[in-house]
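If you scroll down you'll find the structure; I have some questions about it.
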Protein chains: 2
Amino acid sequence: MSQQPPSTRGRGRPSSPVLSRERLTQAAIRIVTEQGYRRLTMASLARELGVSASALYNHVSSKRDVLVLIQDRVNEQIDCSPFNTRPWDEALREWARSYRRCFAQHTALIPVMAVLPVADSPQTLRMYERVARALCDAGIDGADAVDIIVGVEALVFGAAYDVLAPTDIFDPGGLEELAPTFTRFAAQRPRDPRAAADRAFELALDSLIGGLRQRFTGAVG
Amino acid sequence: MSQQPPSTRGRGRPSSPVLSRERLTQAAIRIVTEQGYRRLTMASLARELGVSASALYNHVSSKRDVLVLIQDRVNEQIDCSPFNTRPWDEALREWARSYRRCFAQHTALIPVMAVLPVADSPQTLRMYERVARALCDAGIDGADAVDIIVGVEALVFGAAYDVLAPTDIFDPGGLEELAPTFTRFAAQRPRDPRAAADRAFELALDSLIGGLRQRFTGAVG
DNA sequence: ACCTGAACACCGTTCAAGT
DNA sequence: ACCTGAACACCGTTCAAGT
C-alpha cells in the first residue's frame with residue numbers, strides 16, 4: 001500500500017533487502033500455482049528465493065505461517081462485487097460460487113483457513129465485513145448474519161474438495177451388491193466429474209439460500 | 001464376517017499371526033483416539049503393535065491406506081437408524097448431525113474421505129445405500145438423490161472443522177477498523193465456541209433441508 | 001509368508017557463527 | 001538485522017537378509 005523508500009537501514013552498508021514477507025508470499029504462490037502444494041517446502045521456497053532455508057525464519061515463524069500468508073492472498077481473489085448491485089440472496093450465491101472456485105485450487109488451505117483467527121488475515125476480514133454489511137442492510141440480525149456466513153462457508157469448503165474427486169469415486173468396484181440402489185443412481189450422474197460436482201453444489205447452494213430466504217424474508221422465491 | 005479357522009498356514013510351524021489388517025486398524029484407532037492424528041505415524045503404529053515399522057508394509061501399502069481403514073471404521077459409527085422410522089427430511093437432518101459429530105473428531109480424515117473411491121470403503125457404501133433408498137422411497141430421482149447426499153456431506157465436512165475453531169476466531173485483534181460491522185455482529189454470538197458452531201450448523205442444515213423439501217415435495221414445512 | 005534392521009531421501013526447525 | 005551452514009529430531013518407504 002504505502003510506498004516505502006529504499007531505506008538504508010542501520011548505519012553501515014545498505015545490505016540489499018534480499019528477503020521480505022511480500023517476496024516470500026509471491027514465491028510461495030508461484031510454487032503452489034505451478035507445482036502444487038505437495039512441492040511447497042521450506043527448502044523449495046528458499047531455493048526459489050535464492051536463500052538458505054533457515055533464512056526464511058527471519059520473516060515467518062513456521063511453515064503454517066507461510067500458508068496463512070498465501071491464504072490471505074487467495075481470499076483477496078474472491079469476488080465480493082455482487083454485493084454492490086444485487087439483492088442479498090443472489091449476491092450470496094455469486095459470492096459462494098467464486099469462493100468455491102478459488103478454494104478448489106487451494107484445498108490444502110481449508111484445514112488452515114477453517115480454524116484461523118481473522119486477526120491474522122486482513123483480506124479475509126475485509127471480505128466478511130462486506131458480506132456482513134449486505135446482510136445487515138437486508139435487515140438480518142447480527143448473530144444470524146455471522147451464522148449465515150459460517151454456514152455458507154462450510155458448504156463451500158466441503159464442496160471445494162468434490163471438485164477434485166476422481167471420476168470413479170462412486171464406482172463400487174467389486175462391492176456393487178452392497179449398494180445396488182446407490183450404484184444405479186450414481187450411474188445417472190454426468191460423466192464429467194467436474195460437471196457432476198458442479199451440479200451437486202448448485203443444488204445444495206440453491207436449496208440453502210432458498211431456505212435462508214424463506215426464513216429471513218418470508219419470501220418463497 | 002465369515003469365521004476363519006485358526007489356520008496353520010503353509011506346512012511348517014503355525015508361525016503365530018502377529019499382524020493383520022484388523023489388528024492394525026484397531027491399533028491405529030487407539031492411537032488416534034488417545035493421542036490424536038499428529039501422533040499417528042508408521043513408527044508409533046508399529047510400536048503399539050510390537051513390530052518394526054517395515055513390517056506394516058506387508059499389510060498396507062502406505063500411510064494413506066491406514067487412514068482409509070480408519071475412515072471406514074469411523075463411518076460405521078454414523079447413525080443411519082433415523083431412516084428406518086422418520087420421513088426423509090427429518091432423517092436426513094439426524095443423519096447429518098451424527099455425521100458431523102463423528103468427523104469433528106476426525107477432521108484429518110476429511111481430505112481423504114472427500115476424494116476416496118467408495119470401492120475402498122464398504123461401510124461408507126452401505127451408508128450411502130441406506131440414504132439413497134430412503135430418498136428413492138420418497139420419490140426423489142436418482143441423480144438428484146446422489147446430489148443431495150453429496151451436498152449434505154459437503155456441509156457436514158465444512159462444519160466439522162468449525163467445531164474445533166478457537167474462541168477468538170472472529171476477534172479482529174488490531175484490525176477492528178477493517179471490519180466494524182462484522183466485529184459487532186461476531187460479539188453477539190454465544191461465548192462458548194462449540195455452541196456458536198452448533199448454532200451456525202443448525203441454521204445452515206435447517207435451511208438446506210428446508211430448501212430441499214420445498215424443491216422435492218412442494219411442501220413449505 | 002511375514003518379519004527385522006539398515007538405509008534412503010526427505011521433512012521442518014534451531015542455532016552458533018558470521019557480516 | 002539478516003544471512004549461512006551444520007546439525008537435530010523426525011518423517012514415510014524400500015529392500016536385502018533372515019525364518
Side-chain angles (χ1 to χ4, degrees), chain A residues 4-28 31-32 35-71 108-109 111-112 116 120, chain B residues 4-28 31-32 35-71 108-109 111-112 116 120:
Chain A
Q4 288 156 326
S7 73
T8 49
R9 295 165 305 203
R11 294 146 299 171
R13 265 173 306 189
S15 83
S16 57
V18 184
L19 239 47
S20 69
R21 289 197 131 220
E22 179 57 30
R23 295 222 323 126
L24 199 149
T25 307
Q26 285 172 3
I31 292 173
V32 158
Q35 313 185 47
Y37 279 90
R38 255 188 27 242
R39 302 289 270 274
L40 177 68
T41 66
M42 295 305 269
S44 74
L45 181 54
R47 202 181 318 121
E48 175 83 13
L49 288 159
V51 298
S52 73
S54 52
L56 301 174
Y57 289 87
N58 288 311
H59 304 270
V60 292
S61 64
S62 66
K63 183 178 177 181
R64 190 192 137 91
D65 228 46
V66 176
L67 294 179
V68 171
L69 289 174
I70 297 177
Q71 171 265 344
L109 293 177
V112 176
L116 184 73
D120 298 329
Chain B
Q4 290 156 324
S7 74
T8 49
R9 296 166 303 201
R11 296 144 301 172
R13 265 174 305 190
S15 85
S16 57
V18 183
L19 237 48
S20 68
R21 289 196 132 221
E22 179 57 31
R23 296 222 320 126
L24 199 149
T25 307
Q26 285 172 4
I31 293 172
V32 159
Q35 311 184 49
Y37 280 89
R38 255 189 26 243
R39 302 290 268 273
L40 177 69
T41 66
M42 296 305 270
S44 74
L45 181 53
R47 202 183 317 121
E48 175 83 12
L49 287 159
V51 298
S52 72
S54 53
L56 300 175
Y57 289 87
N58 288 310
H59 303 270
V60 291
S61 64
S62 66
K63 183 178 177 181
R64 190 192 138 91
D65 228 47
V66 176
L67 294 179
V68 171
L69 289 173
I70 297 177
Q71 172 265 344
L109 293 178
V112 177
L116 185 73
D120 298 328

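So that the names make sense, note that chain A is the first sequence line, chain B the second, and so on, each numbered from 1.
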Exercise for the section: Determine which bases of DNA chain C form Watson-Crick or G-U wobble pairs with both distances under 3.5 Å, and write the result as a 5' to 3' dot-bracket string with | for other-strand partners. Expected result: ||.|||||...|||||.||

Handout entry: Residues in side-chain contact (heavy atoms from CB on, under 4.5 Å) contact with A/Ser62, at least two apart in sequence or another chain
Key =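 Counting only residues at least two positions away or on another chain, A/Ser62 forms a side-chain contact (heavy atoms from CB on, under 4.5 Å) with A/Arg64, A/Asp65.
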
Exercise for the section: Return the set of residues passing side chain to side chain donor-acceptor pair (under 3.5 Å) with A/Gln35 (not counting sequence neighbours), or none when no residue passes. Expected result: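 Side chain to side chain donor-acceptor pair (under 3.5 Å) check on A/Gln35 returns nothing, list empty.
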
Exercise for the section: Supply the atom-to-atom distance B/Lys63 NZ to B/Thr41 OG1, rounded to the nearest 0.5 angstrom. Expected result: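 The OG1 atom of B/Thr41 is 6.5 Å from NZ of B/Lys63, to the nearest 0.5 Å.
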
Problem - Any residue meeting side chain to side chain donor-acceptor pair (under 3.5 Å) with B/Thr25, in chain and number order, not counting sequence neighbours - result: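 So B/Thr25 forms no side chain to side chain donor-acceptor pair (under 3.5 Å) with any residue.
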
Practice task
Check DNA chain D against residues 44-52 of chain A and give the residues with a non-hydrogen atom under 4.0 Å, in numerical order.
Solution key: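 Listed by number, they are A/Val51, A/Ser52.
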
Handout entry: C/dC3 phosphate, OP1 or OP2, under 4.0 Å from B/His59 side-chain N/O
Key =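 Yes, such a contact exists.
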
Problem - Contacts of type side-chain contact (heavy atoms from CB on, under 4.5 Å), residue A/Glu48, not counting sequence neighbours - result: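 Expected list: A/Ala27, A/Arg30, A/Ile31.
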
Could you pull out the protein-nucleic contacts involving nucleotides 11-15 of chain D (nitrogen or oxygen on both sides, under 3.5 Å)?
unit_1: D/dG12; atom_1: OP1; unit_2: B/Lys63; atom_2: NZ; d: 3.1
unit_1: D/dG12; atom_1: OP2; unit_2: B/Met42; atom_2: N; d: 3.1
unit_1: D/dT13; atom_1: OP2; unit_2: B/Tyr57; atom_2: OH; d: 2.7
unit_1: D/dT13; atom_1: OP2; unit_2: B/Lys63; atom_2: N; d: 2.9
unit_1: D/dT13; atom_1: O5'; unit_2: B/Tyr57; atom_2: OH; d: 3.2

Problem - From B/Gln26 atom CD to B/Leu69 atom CG, the distance as rounded to the nearest 0.5 Å - result: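 Those atoms lie 11.5 Å apart.
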
Handout entry: A/Ser54: side-chain contact (heavy atoms from CB on, under 4.5 Å) partners, not counting sequence neighbours
Key =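 Result, side-chain contact (heavy atoms from CB on, under 4.5 Å) vs A/Ser54: A/Ser52.
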
Problem - Which residues share a ring pair (Phe, Tyr, Trp, His ring centres under 6.0 Å) with B/Tyr37, sequence neighbours left out - result: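 Checked B/Tyr37 against ring pair (Phe, Tyr, Trp, His ring centres under 6.0 Å); matches are B/His106.
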
Exercise for the section: Could you check if a side-chain atom of A/Val112 sits within less than 4.5 angstrom of a side-chain atom of A/Ile70, using non-hydrogen atoms only? Expected result: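 A side-chain contact is absent here, since even the closest heavy-atom pair is not under 4.5 Å.
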
